[in-house]
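I have placed the structure first, in the form of structure tokens, so that the comments after it can refer back to it.
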Amino acid sequence: MTSLDPRRHPFKADIAAASLKGQVDAQQFAQGTDHTVRAFVTDILDAPGGQVRTSQALFGERFTVYQTADGFAWGQLATDGYVGWVEEGALAGASSTAPTHRVVVPLTRATDATIKSIGAGPLPMGAQLCAAPETVAMGATSAPFRVTDAGPLPAKHLLGMLERVDDWVAAAEAFVGVPYVWGGRSALGLDCSALVQLALQAGGIWWPRDSDMQEAELGEPVPVGAPLARGDLLFWPGHVGIVTGTDTLLHANAFAMSTVHEPLADAEARMGARRTVRRLSP
């Protein structure tokens with residue numbers, strides 16, 4: 001009945017979002033209830049208690065729940081529309097306050113009374129926070145902190161929800177050495193498309209989750225044989241990387257099992273000629 005992508009539209013045989021009634025077949029339709037992710041990072045799974053991680057949800061992101069089973073909740077992440085199962089314990093009731101800031105470094109930690117405290121974290125890039133407008137001093141450090149719903153965080157690790165880093169490619173390069181993890185979406189481990197997504201979000205560009213979505217939906221194609229530019233996105237079937245120099249590719253990949261800079265010629269020798277190149281507008 002439908003050609004909708006189940007990765008981004010909440011429907012399955014037994015239940016679907018009420019907004020999809022008439023577009024999909026399901027035994028029942030539900031309005032869904034809004035929640036907030038309170039775990040620093042939590043897996044989005046293909047089944048309740050499943051062993052396949054399809055993505056991850058980050059602290060402060062909104063998640064709409066349509067069904068619960070065996071301690072897990074099935075629903076949709078607001079940030080990129082991704083659908084799947086998360087542990088119920090990772091969620092709290094919806095916050096009445098919209099997030100004001102997000103983390104724009106690979107990882108940060110909240111502190112308590114002083115910078116010597118154990119604190120809490122790590123909070124990953126992309127985590128969304130409600131933060132006080134003013135900064136405060138913490139102990140003997142001269143670095144300003146901002147009090148948030150996750151605890152006081154270094155102010156320079158945060159930007160307002162409508163602000164952006166100056167160089168999203170540099171934000172991606174900060175992940176060099178991070179382990180490759182299928183479905184991972186944080187500096188504790190990520191995959192190729194999450195690297196692109198997180199860096200672009202830091203740059204104020206809200207990008208889809210998976211590489212096929214990224215290839216299809218944003219940017220403009222670069223003609224075959226045209227010179228490459230820093231920030232161009234190179235796509236192979238099921239894979240994406242970022243051009244950081246005329247002959248250098250940055251990508252999270254299962255060959256290195258980490259995020260690496262690699263000579264483009266080496267990547268193409270291993271994976272074949274790139275399928276498409278997409279360039280973002282300045």
Side-chain angles (χ1 to χ4, degrees), residues 53-56 58 79-80 102-108 124-126 156-157 159 163-282:
R53 177 196 305 106
T54 57
S55 189
Q56 290 179 319
L58 312 178
T79 302
D80 56 21
R102 66 188 193 279
V103 176
V104 290
V105 294
L107 291 173
T108 188
M125 181 183 290
K156 66 181 180 181
H157 293 175
L159 282 180
E163 297 179 289
R164 63 183 66 192
V165 299
D166 294 331
D167 186 346
W168 72 267
V169 177
E173 290 176 310
F175 286 92
V176 168
V178 167
Y180 175 84
V181 172
W182 177 273
R185 192 170 159 250
S186 83
L188 300 175
L190 45 61
D191 59 25
C192 64
S193 55
L195 172 67
V196 172
Q197 184 194 49
L198 291 170
L200 283 170
Q201 286 177 356
I205 302 169
W206 296 91
W207 197 260
R209 175 61 178 92
D210 290 344
S211 61
D212 62 323
M213 303 172 184
Q214 295 171 354
E215 182 178 10
E217 295 177 20
L218 293 176
E220 299 295 333
V222 175
V224 175
L228 297 176
R230 187 172 184 271
D232 284 350
L233 298 173
L234 273 57
F235 292 91
W236 290 263
H239 190 64
V240 60
I242 305 165
V243 174
T244 55
T246 55
D247 57 359
T248 305
L249 186 72
L250 174 70
H251 58 151
N253 67 89
F255 179 76
M257 288 306 296
S258 65
T259 301
V260 297
H261 279 116
E262 181 179 16
L264 178 56
D266 291 355
E268 292 190 316
R270 186 175 67 254
M271 296 187 292
R274 54 190 180 271
R275 183 167 68 183
T276 60
V277 182
R278 308 287 292 185
R279 181 170 296 166
L280 303 181
S281 301

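Just so you know, these numbers use all the heavy atoms, side chains as well, and skip hydrogens, waters and symmetry mates.
Screening residues 175-185 for side chain to side chain donor-acceptor pair (under 3.5 Å) gives Glu61-Arg185, Arg185-Gln197 as the qualifying pairs, with residues at least two apart or on separate chains. Among residues at least two apart or in separate chains, salt bridge (charged side-chain N to carboxylate O under 4.0 Å, His left out) pairs with a member in residues 188-205 are Asp191-Arg209. Contacts classified as salt bridge (charged side-chain N to carboxylate O under 4.0 Å, His left out) and involving residues 226-239 (residues at least two apart or in different chains) are given here: Asp167-Arg230, Glu173-Arg230, Asp232-Arg279.
Under the side-chain contact (heavy atoms from CB on, under 4.5 Å) criterion, Ile205 pairs with Leu200, Trp207, Leu280, sequence neighbours left out. Annotation: side-chain contact (heavy atoms from CB on, under 4.5 Å) contacts of Thr54 (sequence neighbours excluded): Ile44, Asp46, Val52, Tyr82.
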Donor-acceptor contacts under 3.5 Å from residues 236-248 side chains, at least two apart:
residue	atom	partner	partner atom	Å
Trp236	NE1	Gly272	O	2.6
His239	NE2	His251	ND1	2.8

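Side-chain polar atoms of Thr276 and Glu215 form a donor-acceptor pair below 3.5 angstrom.
Closest heavy-atom contact between Gln214 and Pro208: NE2-O, 3.0 Å. In terms of heavy-atom proximity, Pro124 sits nearest to Val103 at O-CB, 3.3 Å. Across all their heavy atoms, Ser211 and Phe235 have their closest contact at O-CE2, 3.4 Å. Between Leu159 and Val165, the shortest heavy-atom distance links the atoms CD1-N, 3.5 Å. Closest heavy-atom contact between Pro106 and Ala187: O-CB, 3.5 Å.
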Can you check side chain to side chain contact (heavy atoms under 4.5 Å, CB included) on Gln201 and Thr79, steps first, answer last? CA-CA 10 Å; Gln201 286 177 356; Thr79 302; 3.6 Å; yes
Next on the checklist: Determine whether Leu218 and Leu233 satisfy the following criterion, side chain to side chain contact (heavy atoms under 4.5 Å, CB included), listing intermediate values before the conclusion.
Outcome noted: CA-CA 10 Å; Leu218 293 176; Leu233 298 173; over 6 Å; no
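If you take CG on Asp266 and CG on Leu249, they are separated by 10.5 Å, rounding to the nearest 0.5 Å. Separation of atoms OG (Ser55) and CG (Leu190) is listed at 10.5 Å; rounding is to 0.5 Å. Atom CZ of Phe175 is separated from atom OG of Ser186 by 8.0 Å, given to the nearest 0.5 angstrom.
You'll find the side chain of Val169 stays beyond 4.5 Å of the side chain of Leu250, heavy atoms only. At least one side-chain heavy atom of Leu234 sits less than 4.5 Å from a side-chain heavy atom of Leu264. Side chains of Met271 and Phe255 form no contact here, defined as non-hydrogen atoms less than 4.5 Å apart.
In this structure, Arg278 contributes its side chain and Glu217 its backbone to no donor-acceptor pair below 3.5 Å. Within the 3.5 Å criterion, the main-chain N or O of Met213 finds no donor-acceptor partner in the side chain of Asp210. With Arg53 contributing its side chain and Gly184 its backbone, the two residues share no donor-acceptor pair below 3.5 Å.
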